[in-house]
Amino acid sequence: MSLLRGLLGMELIGISVRLFLDFQEKPASLDSALILDVPLGVISRIEKMGGATSRGENSYGLDITCKDMRNLRFALKQEGHSRRDMFEILTRYAFPLAHSLPIFAFLNEEKFDVDGWMVYNPVEEYRRQGLPNHHWRITFINKCYELCDTYPALLVVPYRASDDDLRRVATFRSRNRIPVLSWIHPENKTVIVRCSQPLVGMSGKRNKDDEKYLDVIRETNRQINKLTIYDARPNVNAVANKATGGGYESDDAYHNAELFFLDIHNIHVMRESLKKVKDIVYPNVEESHWLSSLESTHWLEHIKLVLTGAIQVADRVSSGKSSVVVHCSDGWDRTAQLTSLAMLMLDSYYRSIEGFEILVQKEWISFGHKFASRIGHGDKNHADADRSPIFLQFIDCVWQMSKQFPTAFEFNERFLIVILDHLYSCRFGTFLYNCESAREKQKVTERTVSLWSLINSNKDKFKNPFYTKEINRVLYPVASMRHLELWVNYYIRWNPRIKQQQPNPVEQRYMELLALRDEYIKRLEELQLANSPKLSDPSTSPSSPSQMVPHVQTHF
Amino acid sequence: MEFSELIRTGQAQAELLRGPEMPPLRGTLCVTGHHLLLSPGPQATPDLWLLLLRSVDSIEKRVAGDAGTITLRCKDLRVLQLDIEGVEATLDIARSIEALSSLESVITSFPFFYRPKGLRLGESWHFHPPERYYKRVARETRAWRLSEANEDFSLCPSYPRAVIVPRTVDDDALARSARFRQGGRFPVLSYYHAPSGTVLLRSSQPLTGPQKRRCAEDEELLQAVLAGARPGARGFIVDTRSAQAAKQARMTGGGTEAKSAYPGWKRLHRPLERGRPLQESFVHLVEACGDLEQSMDRWLSRLDGCHWLSHVKAALSTACLAAQGMEWEGACILVHGAEGTDSTLLVTSLAQLILDPLSRTMAGFQELIEREWIQAGHPFQLRCAHSAFSHTRPKHEAPIFLLFLDCVWQLGRQFPLSLEFGEGMLLALFDHSYASPFGTFLCNSEKERCLCEVRTRTHSLWSGLNQPKEQRKLRNPLYAPNPLAIWPSVEPQSLRLWQGLFLRWTHPPEPSEVAWEKVWQIATDQEKTEGSQPTDSASEPQP
């Protein structure tokens with residue numbers, strides 16, 4: 001970690017704490033006071049180090065652990081008890097839940113031109129997919145979250161399954177998360193269905209309604225004689241879950257289905273793996289044997305397994321071989337990863353900025369990925385075993401795909417990083433709470449601003465200059481260790497040695513690329529203007545560039 | 001010598017397997033003096049498949065029943081399999097390939113027979129003489145002159161006829177300095193850095209020997225360099241060996257510049273790997289990349305174990321050191337190792353790419369390679385005799401030029417807009433440096449090329465590459481001239497395996513090729529709109 005010396009000042013500005021460091025000896029690389037803006041939401045842990053009697057330099061002060069792969073350490077002077085005040089204020093505002101204070105998003109009064117809460121409308125999204133149709137219907141059975149409190153109000157289920165059937169199936173699925181449609185293939189009409197594990201238990205219980213229900217799903221497509229079930233877990237974990245009442249679909253009970261395990265590990269394994277990544281990149285990058293150290297974190301291996309699973313799901317559906325049911329234990333972590341990644345591979349719409357927002361809003365937020373528990377918004381219990389970087393892992397997979405298909409995504413790397421930053425920041429309501437019912441109760445859409453408001457009112461900043469819109473192209477990334485990379489611009493962005501490169505080469509590169517794109521657009525326009533007699537009238541040309549941008553982009 | 005003596009068989013029926021995603025080819029296989037030909041039957045595609053025999057690195061034959069299989073591992077890291085009808089035919093073809101691919105004679109090699117349409121002999125050979133670079137230097141400073149002391153290659157057999165030296169040093173002094181340097185490689189100008197008025201020089205090690213001999217003219221030469229730069233200028237000698245190795249070299253007559261003998265010059269040791277260890281690193285890496293069976297979760301540590309990326313890192317950091325010395329400290333830099341024909345050239349050429357925007361253009365990069373590698377006497381024939389697959393014990397082989405190309409690729413990855421050429425150019429240079437129909441990379445020095453009359457009897461690679469039809473593969477569509485120095489990050493996480501080269505043949509064609517094509521389309525969109533036909537976008541209704 002780089003060592004900077006000076007007077008520390010602190011100011012709470014809205015949702016951020018702004019830390020000032022006024023230097024006694026100014027480092028050559030910096031020309032003014034250092035200002036660190038740390039969103040309070042990003043703080044995971046605040047610790048006092050050393051006591052009044054500590055001796056030695058830098059042994060007394062504050063240690064701040066952040067959720068976004070960095071730590072800050074402030075060595076203070078013992079005189080004046082300034083530390084106690086600082087500690088108390090920071091603790092109070094970083095962990096508002098423990099102090100009966102509201103989360104910052106509820107205090108945020110920012111205004112944007114666009115209302116991000118309007119981005120996702122489930123009815124519209126299903127209509128875009130061609131739903132309802134002859135085989136699938138929209139049901140409001142969960143309107144008041146009575147069937148399943150962690151599911152959205154609006155669900156798509158087989159036409160032939162009655163609401164009573166759904167209620168009976170719910171009794172046999174963990175937390176009542178019944179199989180419902182996530183995505184339907186526009187041509188071959190095979191579907192991706194998501195749910196939680198069946199409550200088989202030690203005794204190997206069966207449920208006729210559940211068996212029938214899955215068969216009804218299979219029969220929505222005549223050509224299929226087997227339904228494919230992907231259980232995201234490793235086989236042994238699925239078996240072990242029987243002890244706590246869960247389990248998986250057995251061959252005996254589900255004749256017309258085949259089950260595959262995808263070997264993706266649980267939230268605890270992922271959390272520990274990311275911790276190891278942090279160990280090798282912060283504060284210093286492990287210089288010798290970097291690649292071996294990276295390997296020993298297993299992070300990329302987990303990424304590989306998640307991507308491999310999603311590729312299998314996508315391939316089944318795209319080839320029309322069969323419809324697919326995806327579940328893990330509760331169906332809100334690994335399941336969300338698999339369905340959303342498969343949908344991203346299959347449906348180019350989700351690769352646009354708004355499409356991706358809808359994907360996140362639908363598969364993650366509305367279907368009850370437990371953001372509050374996994375991130376611990378405003379909560380001081382940093383060691384909570386419920387915390388896990390599942391959503392980060394998903395975004396990492398998206399990044400890997402965007403690396404392998406540099407022209408397939410409308411958004412750029414910064415878009416993904418901003419999403420992750422606000423996953424923790426608590427500035428927006430988007431990722432707050434565990435499920436839709438809780439969000440509705442707290443009136444999140446009325447009382448907070450959506451992250452998509454920020455993004456959609458500055459869309460240009462988040463655009464990939466090389467985006468080429470292609471309908472119907474299925475993306476199969478190469479999920480081999482040879483082709484996966486550590487996302488250096490995210491995981492190692494706080495490394496002081498990287499940051500000191502001025503100007504930040506990544507930022508510079510983006511600006512260059514975007515400027516370049518603009519230049520191409522301009523050149524193209526000029527030539528089009530020169531070619532097209534009806535536009536050559538000088539009076540129309542000053543206003544035309546801005547008008548022409550949208551259609552030139554589709555031309556890309 | 002007649003090639004026909006080495007060709008054991010006329011032809012045979014064969015099937016060619018070219019890798020996972022390529023369809024097999026069936027047809028008549030035929031060995032000629034320089035090529036392996038496969039002409040498909042009338043029902044198949046009319047394309048003739050052709051392989052330059054020189055590009056075969058190793059050959060393996062197997063016979064079973066009345067058929068045989070030949071596996072060809074090529075210098076461009078491709079692996080080809082030929083299934084041949086008939087045991088005799090298989091063995092004959094294998095023997096013919098073996099004999100013809102390992103011919104050592106330069107003047108019977110294919111470049112002396114290659115006469116492509118549209119190119120004229122002698123073209124492009126005049127593109128990059130030292131004289132041309134001297135003109136550029138002379139516009140900036142009067143401190144240097146072009147010396148033709150080496151006109152007959154008597155001072156230094158591995159230098160070109162003309163070299164750039166301090167104006168105040170006469171040809172006699174050069175001759176004496178040459179006698180004091182290994183292989184006669186006295187310090188010459190490699191690059192003049194106009195913004196700071198400092199220079200980059202290269203040489204070989206001084207022949208101090210165990211008695212710590214000195215050479216007044218050599219010392220004066222380096223003094224003259226400092227005097228010509230600016231008052232009070234300092235110099236750094238970047239020795240690409242460890243201090244220990246440099247000291248040991250004294251026992252065999254070499255050594256390094258003594259501090260007391262060269263006031264104003266400070267020695268820095270930055271050991272770079274070369275020779276056998278570098279070749280082994282290359283072989284291990286190619287082995288790892290080709291081993292598709294190995295358990296994938298050990299891939300990263302295996303990659304680590306090859307040390308290739310640490311060589312990339314060492315080369316780039318040493319080049320940065322030299323470049324920083326010039327740009328930030330205003331110092332003159334002399335680079336040498338032992339012979340001064342390998343890691344020395346790696347450092348000087350990379351330092352120029354970092355500092356000099358001109359060397360990052362297509363023409364400038366070709367000039368850089370011509371000047372700093374080919375005419376500077378990198379022994380291409382010895383270093384690139386075999387690539388990573390050869391079973392014979394490496395003698396002089398070392399992938400030092402490949403290491404250079406890899407470093408340039410890393411620069412291009414970190415600064416995607418700053419190089420006018422793209423990955424395709426680097427791949428082409430790699431391929432041609434190991435086996436080529438062009439004469440550019442033939443021989444080990446200018447002297448040898450003169451003896452073989454390479455310039456008049458073969459075509460230059462540059463004339464081949466500069467044809468308009470090749471440009472799309474070679475150029476970077478995103479290029480925007482960048483007047484600044486480009487300082488690469490050499491942190492371990494910033495350096496990547498060059499997949500485009502090392503995994504070129506082992507996985508299906510990358511979508512990146514498709515992407516590249518699209519980027520080209522974006523970049524050349526305006527050309528399309530120049531036509532009178534309405535384009536898709538132009539015919540759309542206006543918003």
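Lettering follows sequence order; numbering is per chain, from 1.
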Enquirer: Roughly how far, to the nearest 0.5 Å, is the CG atom of B/D304 from the OG atom of A/S293?
Expert: 7.0 Å

Enquirer: Report the distance from atom OG of A/S480 to atom CG of B/L503, rounding to the nearest 0.5 Å.
Expert: 8.0 Å

Enquirer: Which bit of B/L309 comes within less than 4.5 Å of chain A, counting heavy atoms only: side chain, backbone, both or neither?
Expert: side chain

Enquirer: B/Q493 and side chain to side chain contact (heavy atoms under 4.5 Å, CB included): which single residue from A/V285, A/V281, A/N489 fits?
Expert: A/V285

Enquirer: Given a strict heavy-atom distance threshold of 4.5 Å, which part of A/E485 is in contact with chain B: side chain, backbone, both, or neither?
Expert: side chain

Enquirer: CH2 of A/W290 to OG of B/S494: how many Å apart, nearest 0.5 Å?
Expert: 9.0 Å

Enquirer: Heavy-atom cut-off 4.5 Å, strictly under: side chain, backbone, both or neither for A/L475 against chain B?
Expert: neither

Enquirer: I need the A/H289 NE2 to B/S301 OG distance, nearest 0.5 Å.
Expert: 11.0 Å

Enquirer: Go through the structure and list residues passing side-chain hydrogen bond (donor to acceptor under 3.5 Å, both in side chains) with B/Q410, not counting sequence neighbours.
Expert: B/D406

Enquirer: Side-chain contact, heavy-atom cut-off 4.5 Å: B/L478 with A/F466?
Expert: yes

Enquirer: Would you say the side chain of A/M481 lies within less than 4.5 Å of the side chain of B/R298, judging by non-hydrogen atoms?
Expert: no

Enquirer: Applying ring-ring contact (aromatic ring centres under 6.0 Å, His included), name anything that partners A/W399, two or more places apart in sequence or on another chain.
Expert: A/W487

Enquirer: With rounding to the nearest 0.5 Å, note down the distance linking CG in A/L291 to CZ in B/R302.
Expert: 14.0 Å

Enquirer: Is it true that atom NE2 of B/H269 has more than 12 heavy atoms of other residues, nucleotides or ligands lying nearer than 6.0 Å?
Expert: yes

Enquirer: Between atom NE2 of A/H483 and atom CD of B/Q499, what is the distance when rounded to the nearest 0.5 Å?
Expert: 4.5 Å

Enquirer: Using every non-hydrogen atom in the two residues, find where B/P492 and A/E287 come nearest and quote the distance to one decimal.
Expert: CD-OE1, 3.9 Å

Enquirer: Just do the side chain to side chain contact (heavy atoms under 4.5 Å, CB included) check on B/L300 and A/E301 with the steps written out, would you?
Expert: CA-CA 11 Å; B/L300 288 176; A/E301 217 179 305; over 6 Å; no

